Amino acid sequence: MGYDFSKIEKHWQKYWAENKTFKVDIEHGKPKFYVLDMFPYPSGAGLHVGHPLGYIASDIYARYKRHKGFNVLHPMGFDAYGLPAEQYAIQTGTHPEITTEKNISRYREQLDKIGFSYDWDREVRTSDPAYYKWTQWTFIQLFNSWYDKKSDKAEPMEKLIALFESNGNSEIDAAGDMTDLFSAEEWNSYNEKQQQEILLHYRLAYLSDTMVNWCPALGTVLANDEVKDGLSERGGHPVEKKLMRQWSLRITAYAQRLLDGLEKVEFSDSLKEMQRNWIGRSEGASLVFRLKTPPQPSPRGREQDTHQKQGATPSILPRGEDLGGVKVFTTRPDTLFGATFMVLAPEHELVERIVTPENRKKVMEYVTWTKNRSERERMTEVKKVTGVFTGAYAMNPFTEKEIPIWIADYVLSGYGTGAIMAVPGHDSRDFAFARHFGLPIIQVVSRKGETPSAPSGWETSYDSKEGVMINSGFITGLSVKEAIPATIRKIEEMGIGYGTTNYRLRDAIFSRQRYWGEPFPIYYKDGIPYPLPENELPLRLPKVDKYLPTESGDPPLARARNWVTKEGYPLEINTMPGFAGSSGYYLRYMDPHNSEEYFSKEANTYWRNVDLYLGGDEHAAGHLIYARFWNKFLFDIGLACEEEPFKKLINQGKIQGRSSFVYRIQGTNKFVSYNLRKEYQTQLLHADINMVDNDVLDVEAFKNWMPEYRDAEFILEDGKYICGHEVEKMSKSKHNVQNPDELIEKYGADTLRLYEMFLGPLEQDKPWDTNGIEGVFRFLKKLWRLYFNENDLLIVTDEKPTGAELKVLHKTTKKIQSDIERFSFNTGVSAFMICANELTDLKCHKSEILTPLAVLLSPYAPHIAEELWKVLGNSPSISSAPFPDYDEKYLTENTFDYPVSFNGKMRFKLSLPVDMPKDEIEKAAIEAEAAKKWIQGKNVRKVIVVPKRIINVVVG
RNA sequence: GCUCGAGUGGUGGAAUUGGUAGACACGUUGGACUUAAAAUCCAAUGGGCAUUGCGCCCGUGCGGGUUCAAGUCCCGCCUCGAGUACCA
């Protein structure tokens, strides 16, 4: 019978479930450790072998930490809201809840077969009202908060209102887009609606007219991170810009703290870099260019500086005053003397007010043209220079010269102020624009030691921050580094601007025009949003007759009957986006059944935050930023005790598919084997990897695969049909999907776990190839033979182990421990193989060696470890057994086999005592018999001896 | 374009601090066992030259450099992957 994995695994999985082996509770006397996997969206396709990779790694770590005496929180749940179930609902009418429920059971079944040590009693599902109650609750807290830059944290709205009532808003420095000033008297004279509208400009969850990514095919708005290359991330549908009234979260208020927090967490450098790029901090100056002729009055009657999000310093640029100019942001204020024109984004609200009558037609045509271009078009035609002159002029504040104002779509309305001062000499985009339209180019920075040449002869601009200022009035002669602060001081003195910092990060658009998501706990009275009272949560997702928008284009929730409050006020009809539920789930695991609070203070102060978080790097810009923001907010309001939610994060690499190909001779039903394909005109076709073993095609299986291949003929080589192969994304259409259930059926979960780890470094992408799995399966069978003979009789003895046997055990213990601690699971598996090989060679069947070995193995292969642990007479479960210690004394050797090199090339080995003095080693090496040949006829110039490493003899 | 990461046998990969390149495994070849197959076990396996023996030369994407010693450090390229994309 031998190693009967199927029986063993079923038995122990049942045992763990029945005994709740992995259930955890707060134990104040024990140190905690929180190991978390990014919870999955349960798709209809089930798990393929790529999904559990990270789960296996984290499970090994969690089990290891348990052996090391930690109280380990290792939960799992489901990110249950999502588009696929809803798309399916639209097609079939099946409620997404039913589809989701079904997919979750399938996931759960598959996960259980792999033997994870999750505490399933803590499972959360984002679509469960008991869970989303707290998502809604957090939204209300965000709605009821504003960001005070003075205290640098979120504060309650009551405090803000009190300040308005006593002093107006002139002393308030809040994150947001509020530019109008009002006094206490004015505030107190406003009616409810006016006040509420003003408050929306401060709230951390706010409603506003925003330029959004509208995806017509999905019928919804998407966040920036959900759009890739102008297409929706899910489904790849075109996305366009549209102005819509939407909920947003004021994540920009946290930009600097999100950036600073990266210093305190252990994420990979590349991931931190991605987050830094996404936040996109840049330092510079904001300043106003006076217009030559004042602009037409704003159609809205008052100046609304919608672009300035990061706030002005009121003493320099009084908010609310009609600036009569164009406000720009620049990171290179030093080049101000080189600003020869200005460019506004076509959407800039000043465009209509400054355009001269003779240019109006051309300008409006351009604005319309840019508006109608899709995002994708705009992105692919980046190189094409387009723009129109408005006819208006501004004054360069330093040169006092008038400079023309253009509009062009290379200036983005969403960044900075939506307007720029163009310095064609030192910015490549401005340079290209100036060249194209024949605008003047002035050089104001010169490379050190170079004589300036006429810009008319230049091929590119000089963009570097290295150099000396020329043609620049009072800063001429200064270096760029000196000139930047000097310029900022000057513009601040002149009262036309100030030094400031800009972020690329945008507020997160938080509404979706979809059904399958959290309803907003919001109702409208007189068109103004109000939160529901907390005791009315959760606001449950209503039933609808169809999952489509209404005839009038409203989202699906508008179809719900009685979608109103008790008092009859209409409820919000948008739902929350996918990242709402995933932004705080790790906190809920700490206290998942609490119906009174999100989580208790006790649970939070015990579990604190996630010690190890594992997941894919596709969440770098989305989930991981939102969750950090969410957590920081909860920290500000005193709920979360840690400011950063994830202490250490590891991104597991993707498992790629390895596709198999057959070669069909064109126009025939004849297939030619891989190495003969060059002799024919062939067509490359995917063959299902399940019909291919070690690149050899099962011809009969292939014929039966699809009717069109029934009569296929084959040109073989050596009697076999050899397939070609290539590494591609694992997908159904490429017929290269490997399902874990089939492998577990054939080899068992322990083999699958070991093999997934053996494949290569955790963080690296790697191709899936089933061939190698035999190797780890053989290892487990070999290991089994250390404990049992061919007749299934236990052959473990109580004999005292030899020095050699102890050395194997202690060497392995040391290696396994250090490999787990540095997340090098692939080398860990090979260490087990080496250990089993060596113990087999030593014919070791001794309990003193084999009992601790079972514990070492248990994080990787828990089922077989439990079984061995039990047959050796221990009481279950092995999961709480202490991890064996290793003792260096068994590892030390009396002699060391020195590799002896001559001029750096290893020539022979020499066994010498480890405590031999250096000079004696040197002597021994030179006098060795084998050394003669290399020294002969040459002088020994130098001998390098590194004890217990190497001897290198330099001859010549 | 910019930023980050990676290039090692037929394949996945190892080499943790500059110190024996190719651990471990797959595959391949040969052998043992067997009526046969499977399973198992043993041996060989980077390339080349020599295989009468000891052996010798080359070799970690390419070209330089530092060092007694470089897959590892430095400089300059090439290729692939990821992110980002007019961010002023």
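None of these values were measured; they are calculated from a predicted model. Letters go in sequence order (proteins before strands), and every chain restarts at 1.
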**Asked** Can you find a donor-acceptor pair, distance only, under 3.5 Å between A/Lys781 side chain and B/U40 base?
**Response** no
**Asked** Parallel, tilted or perpendicular: which describes the rings of A/Phe758 and A/Tyr755, with under 30° parallel and over 60° perpendicular?
**Response** tilted
**Request:** Can you tell me which stems involve RNA chain B, if a stem is defined as three or more consecutive Watson-Crick or G-U wobble pairs, both distances under 3.5 Å?
**Result:** B:1-7 with B:78-84, B:10-12 with B:24-26, B:27-32 with B:40-45, B:46-49 with B:55-58, B:61-65 with B:73-77
**Request:** Look at the side-chain N and O atoms of A/Lys933 and state whether any lies under 4.0 Å from the OP1 or OP2 oxygen of B/C56.
**Result:** yes
**Request:** Verify the distance criterion only: is there a donor paired with an acceptor across the side chains of A/Asn837 and A/Lys782 at less than 3.5 Å?
**Result:** yes
Protein N or O to nucleotides 61-64 of chain B N or O, pairs below 3.5 Å:
none

**Asked** Regarding A/Thr770 and A/Gln738, is there a side-chain donor-to-acceptor distance under 3.5 Å anywhere?
**Response** yes
**Prompt:** OP1 or OP2 of B/C4 sitting under 4.0 Å from any side-chain N/O of A/Arg276?
**Reply:** no
**Request:** Indicate, with a heavy-atom threshold strictly under 4.0 Å, whether A/Val776 touches base, sugar-phosphate, or nothing.
**Result:** nothing
**Asked** Would you say A/Ser268 reaches B/G5's phosphate, i.e. side-chain N/O to OP1/OP2 under 4.0 Å?
**Response** no
**Asked** According to the salt bridge (charged side-chain N to carboxylate O under 4.0 Å, His left out) rule, which pairs have a member within residues 813-825 of chain A, sequence neighbours left out?
**Response** A/Lys814-A/Glu888, A/Lys815-A/Asp819, A/Asp819-A/Arg822
**Message:** Measuring only the C1' atom in each nucleotide, how far is B/A88 from B/G18? A whole number of Å is fine.
**Reply:** 45 Å
**Message:** Taking only side-chain N and O atoms of A/Gln764, does any of them lie within less than 4.0 angstrom of OP1 or OP2 on B/G13?
**Reply:** yes
**Asked** With sugar-phosphate meaning primed atoms plus P, OP1 and OP2, does A/Trp784 contact a base, only sugar-phosphate, or nothing at under 4.0 Å between heavy atoms?
**Response** nothing
**Message:** Counting the atoms with a prime plus P, OP1 and OP2 as sugar-phosphate, which does A/Arg907 contact under 4.0 Å by heavy atoms, base, sugar-phosphate, or nothing?
**Reply:** sugar-phosphate
**Prompt:** Less than 3.5 Å between a donor and an acceptor, one on the side chain of A/Lys815 and one on the base of B/U16, is that the case here?
**Reply:** yes
**Prompt:** What is the nucleic acid contact for A/Ile420, judged by heavy atoms within less than 4.0 Å: base, sugar-phosphate only, or nothing?
**Reply:** base
**Message:** At 4.0 Å (heavy atoms only), tell me whether A/Asp409 reaches a base, stays on the sugar-phosphate, or touches nothing.
**Reply:** base
**Prompt:** Touch check for A/Leu412, heavy atoms < 4.0 angstrom, all strands: base, sugar-phosphate only, or nothing?
**Reply:** base
**Asked** With sugar-phosphate meaning primed atoms plus P, OP1 and OP2, does A/Val946 contact a base, only sugar-phosphate, or nothing at under 4.0 Å between heavy atoms?
**Response** base
**Message:** Can you check the distance between B/G9 and B/G59, where both ends of the measurement are the P atom (answer in whole Å)?
**Reply:** 14 Å
**Message:** I'd like the P distance from B/U52 over to B/U16, given in whole Å.
**Reply:** 40 Å
**Request:** Return yes if the base of B/C68 and the side-chain atoms of A/Asn952 contain a donor-acceptor N/O pair under 3.5 Å, otherwise no.
**Result:** yes
**Request:** Verify the distance criterion only: is there a donor paired with an acceptor across the side chains of A/Asn502 and A/Ser282 at less than 3.5 Å?
**Result:** no
**Asked** Are OP1 or OP2 of B/U84 and a side-chain N or O of A/Asn224 less than 4.0 angstrom apart?
**Response** no
**B/G63, syn or anti by chi within 90 degrees of zero** = anti
**Asked** Between A/Asn277 and B/C2, does any side-chain N or O lie under 4.0 Å from OP1 or OP2?
**Response** no
